[in-house]
Amino acid sequence: MKSRILLICLCCLLLSPPLWASSPVETSEGALGGDINLLDGDIDLLDDGSSEDEVDLLDDGSSEDEVDLLDDGASEEDIDLFESEASSDSSSAEDFDAIDLSAVHIDSVGTESTDRWWDVDGSLSSELGYRFEKQRETSEPQRNFGQGPTLVKWRHTLQVNGQVQLSDSWKWVVEGWGFYDSAYSQRGRNDFDDNTLETYESDAELREFWVGGPLTSWMDLRFGRQIVVWGEADVETATDVLNPRDLREPFLTDVEDQRLAVTMLKADFYPTLNSTLSVIVIPEFRPELLPPATSDFRVLPPSVDLDDADLPNNGPENWEYGLRYKFTVGSGDVSLLAAQVFDDRFHLEFEGGQPKLRHERVEVWGVNANYASGNFVYKLEGVYNVGRRLGVRGDVLQQRLNQGITEVTEEKDEMGMNVGFDYSGINDLTLTLEFGATHIVDHEAELTDRENNQNAAVRAAYTLFNEQLTLEYFGVTYSDDDGTFHRITGDYDFTDTFHVFTSVAVYDFYSTTSPFFGIREQDRLTAGVQWDFTVP
C-alpha cells in the first residue's frame with residue numbers, strides 16, 4: 001500500500017511541472033481593495049440629531065468619518081490621530097490608497113492598537129445538566145441513581161487558543177482545553193466507579209499544537225498535533241478517517257468538536273493553480289474515546305474493559321499514511337483520496353482465553369465532491385474500506401471458544417456513501433439534510449454487523465433579533481427501527497463576548513439490536529453560560 005501511495009503521489013506531481021513555479025496564493029489589490037468613494041453632499045444636522053461636539057467638528061471642516069469616530073466613543077486624541085493619517089486633501093483615491101490602515105486602528109475605547117506577533121483568546125463556560133429517565137423494564141438491573149430528574153453535569157470548561165507568528169509566513173498554533181465536573185462531588189463520588197470518574201469528572205486535551213508555513217512557492221509544510229478534515233458531511237462522514245473521535249457523550253457534541261488531534265506531518269503541493277496534492281504521515285495512533293461500560297452512556301458490555309486494549313505502538317512499522325488530490329471544477333471541488341490507517345473501531349480477539357481489544361490496519365479509497373448552485377451546496381462522499389475486522393454473534397463466539405477456536409472475527413470489505421445538501425435561500429434560516437448508507441461485501445449471517453445500514457440527518461438553524469438569538473434543531477434516524485435522536489438548542493448573545501445557551505436532548509432508541517439501546521434513558525436538559533475573551 002505504501003508503494004502505491006508514493007507512486008500516485010509521484011505521478012500527480014509530474015503531471016504539470018511547468019506550473020510549479022506559480023504560487024497558489026491569490027494576489028490582492030491592497031488593504032482597501034481599490035478606490036474609495038467619499039461621501040459628499042450636505043449633512044442635515046437637525047435630522048441626524050448631531051451633538052454640539054459634532055457641529056463643532058463640522059464647523060472646523062472635519063469630515064463625516066471624524067464625526068463617526070466621535071459617535072463611537074473616540075476621544076479628541078483619536079480625531080487627531082485620524083487627521084494625521086489623512087490630510088485635508090485626502091479625498092482622492094490615490095491618497096487613501098497610500099494610508100496603511102492595517103498597522104493602526106481606532107478601537108471602541110479610543111486607544112491606539114498595533115499588530116503584534118502573537119494572539120491569545122479563549123472561552124470560559126459553565127454548564128448544568130439534568131437527566132430525565134424513562135420507564136425501564138423490571139428485568140433490567142437498578143443503577144446507583146434513582147428516577148429523574150437527576151443532576152448529571154455541572155461542568156466548568158476553560159479553552160485557550162494561541163498563535164505565534166514566527167515569520168511573515170510561518171506560524172505556531174496551540175489550542176487546548178480542560179474541564180472539571182463538580183456534579184460528581186455534589187452527588188457523592190463513592191457512587192461512581194473509577195473508570196467513570198476518570199472519564200467524566202475531569203480531563204484536559206492539547207487539541208492542536210503545530211508549526212506550519214510555505215517551504216517553497218509550490219509547497220506548504222505543517223508538523224505537529226493537528227486536525228485534518230477529509231469529509232464533506234456534517235453528521236456521518238464516510239471519508240473522514242485521519243482523526244479519531246471523542247464519543248464519550250454520543251450525539252451531544254457535533255462532529256467538528258468530536259475530532260481528536262494526532263501528530264502528523266502534512267505536506268501540500270500545488271501542481272496547478274486550482275489543485276492541491278496533500279501527503280500525510282501519521283506516527284501516532286490514538287483510538288476513539290468511548291464511554292466506560294459502567295457509565296450512563298454505556299454502549300459496551302460490562303465484561304469489556306477499555307483499559308485492556310492492545311494498542312499499536314508508535315514505531316515506524318505502525319505509521320499511518322494518507323494521500324489526497326483535490327482540484328476545482330467550475331463551482332465545486334473534487335477530491336480523490338487513499339490512506340492506510342488503523343481502524344479507529346476496535347475488534348475482539350482472544351489470547352489464553354482472555355479477551356483483547358485490537359485495531360486492524362485497513363486500506364481506504366475514497367472520493368469527495370461538493371458543488372454550489374444558487375442557494376444550494378451539494379455534497380457527496382464515497383469510500384471503500386479494505387480489510388475491516390468484524391465481530392461474530394454471541395452464540396457463534398461461544399461455540400468457537402468451546403471448540404478451541406480463538407479467531408472470533410471475520411475480515412470483510414465495506415462500502416460507504418453520504419449525500420446531502422446545505423440550503424440558505426430563506427432569510428435567517430440555514431438547512432442541512434444528509435443521507436448515509438454502508439454495505440458489507442460478502443456478508444455472512446453470523447456477523448454482528450448488518451449487511452446494510454442507513455441513516456438520515458437534518459439540521460435547521462434560525463436566527464432572530466439581529467442574530468442575537470439562534471434556535472437550532474438537530475435530528476438523526478437509523479434504519480431497521482433502531483431509533484432516533486433529537487436535540488433542540490437555543491443560544492442568546494447578550495454581548496459579543498457573553499452568551500447563554502440551553503438544549504433539550506431526547507434519545508429514542510427502542511430496538512434491542514440497536515448499538516444505542518443502552519443509552520435510551522439519557523434524555524437531558526442542559527443550560528449554561530459562556531464568556532469569550534481575548535488577551536489584550
Side-chain angles (χ1 to χ4, degrees), residues 136-137 139-141 143 193 195-196 199 236 241 244-245 247-248 250 285 287-312 318 341-364 384-416 437-455 478-483 509-521:
R136 297 174 295 181
E137 292 82 355
S139 60
E140 292 187 345
R143 302 190 199 170
D193 65 290
N195 287 336
T196 298
T199 303
E236 297 284 343
V241 298
R245 303 290 179 84
L247 303 177
R248 291 176 292 182
F285 174 76
E288 290 181 334
L289 291 182
L290 298 174
T294 53
S295 70
D296 291 350
F297 291 106
R298 68 193 191 280
V299 294
L300 302 173
S303 58
V304 176
D305 190 349
L306 296 174
D307 291 335
D308 292 337
D310 186 8
L311 303 180
N318 288 327
V341 296
F342 282 96
D343 194 344
D344 292 327
R345 293 169 286 184
F346 65 81
H347 64 277
L348 187 65
E349 293 184 3
F350 279 83
E351 285 186 3
Q354 298 298 318
K356 289 290 184 180
L357 304 181
R358 292 217 168 98
H359 298 265
E360 188 74 11
R361 187 182 284 272
V362 296
E363 292 184 9
V364 180
Y384 192 93
N385 298 312
V386 181
R388 286 203 61 216
R389 282 283 177 182
L390 304 178
V392 297
R393 297 195 322 264
D395 56 333
V396 178
L397 171 64
Q398 190 61 51
Q399 182 181 10
R400 291 187 180 183
L401 293 178
N402 292 338
Q403 297 173 354
I405 302 174
T406 58
E407 185 62 59
V408 294
T409 61
E410 298 290 340
E411 184 175 303
K412 298 293 181 180
D413 295 349
E414 182 185 60
M415 296 186 296
T438 60
H439 171 73
I440 298 175
V441 180
D442 297 329
H443 183 270
E444 300 177 32
E446 61 188 21
L447 296 175
T448 55
D449 294 74
R450 301 190 184 107
E451 181 177 9
N452 299 294
N453 284 285
Q454 298 85 34
N455 64 78
Y478 293 89
S479 62
D480 297 318
D481 295 327
D482 273 354
F509 297 104
Y510 35 79
S511 171
T512 57
T513 61
S514 169
F516 305 112
F517 181 71
I519 61 175
R520 65 195 182 282
E521 300 174 351

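Numbers for residues simply follow the sequence, beginning at 1.
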Can you see which heavy atom on [X] is nearest to which on [Y], and at what distance?
X: D413; Y: V386; result: OD1-CA, 3.4 Å
X: N195; Y: P292; result: O-CG, 3.7 Å
X: P244; Y: E288; result: CB-N, 4.0 Å
X: F297; Y: R248; result: CD1-O, 3.5 Å

Please round to the nearest 0.5 Å and tell me the distance separating atom [atom1] of [X] and atom [atom2] of [Y].
X: R400; Y: T409; atom1: CZ; atom2: OG1; value: 8.0 Å
X: Q403; Y: I405; atom1: CD; atom2: CD1; value: 4.5 Å
X: E444; Y: D449; atom1: CD; atom2: CG; value: 12.0 Å
X: E363; Y: N385; atom1: CD; atom2: CG; value: 10.5 Å
X: R245; Y: D344; atom1: CZ; atom2: CG; value: 8.5 Å
X: I440; Y: L390; atom1: CD1; atom2: CG; value: 5.0 Å

- What residues form a ring pair (Phe, Tyr, Trp, His ring centres under 6.0 Å) with Y478, not counting sequence neighbours? F516

Any donor-acceptor pair under 3.5 Å linking the side chain of [X] with the backbone of [Y]?
X: H347; Y: R358; answer: yes
X: R520; Y: F517; answer: yes
X: H443; Y: K412; answer: no

- Message: Between the side chains of D343 and R388, is the shortest nitrogen-to-carboxylate-oxygen separation below 4.0 Å, so that they form an ion pair?
- Response: yes

- Before giving the answer on side chain to side chain donor-acceptor pair (under 3.5 Å), spell out for Q398 and N402 the whole-Å C-alpha distance, their side-chain angles and the decisive distance to 0.1 Å. CA-CA 6 Å; Q398 190 61 51; N402 292 338; 3.0 Å; yes

So [Y] and [X], do their side chains get closer than 4.5 Å, heavy atoms only?
X: V341; Y: V362; result: yes
X: P291; Y: D296; result: no
X: E451; Y: H439; result: yes
X: R450; Y: D482; result: yes
X: E446; Y: R393; result: yes
X: L357; Y: L348; result: yes
X: P250; Y: I519; result: yes

- Query: Residues two or more places apart in sequence or in another chain: which of them pass side chain to side chain contact (heavy atoms under 4.5 Å, CB included) with P312?
  - Reply: F285, N318, F342

- Message: Test of understanding: with side chain to side chain contact (heavy atoms under 4.5 Å, CB included), list the residues that count as partners of T438, not counting sequence neighbours.
- Response: E414, N453

- Message: For D395, I'd like to know if atom CG has over 12 heavy atoms of other residues, nucleotides or ligands within 6.0 Å.
- Response: yes

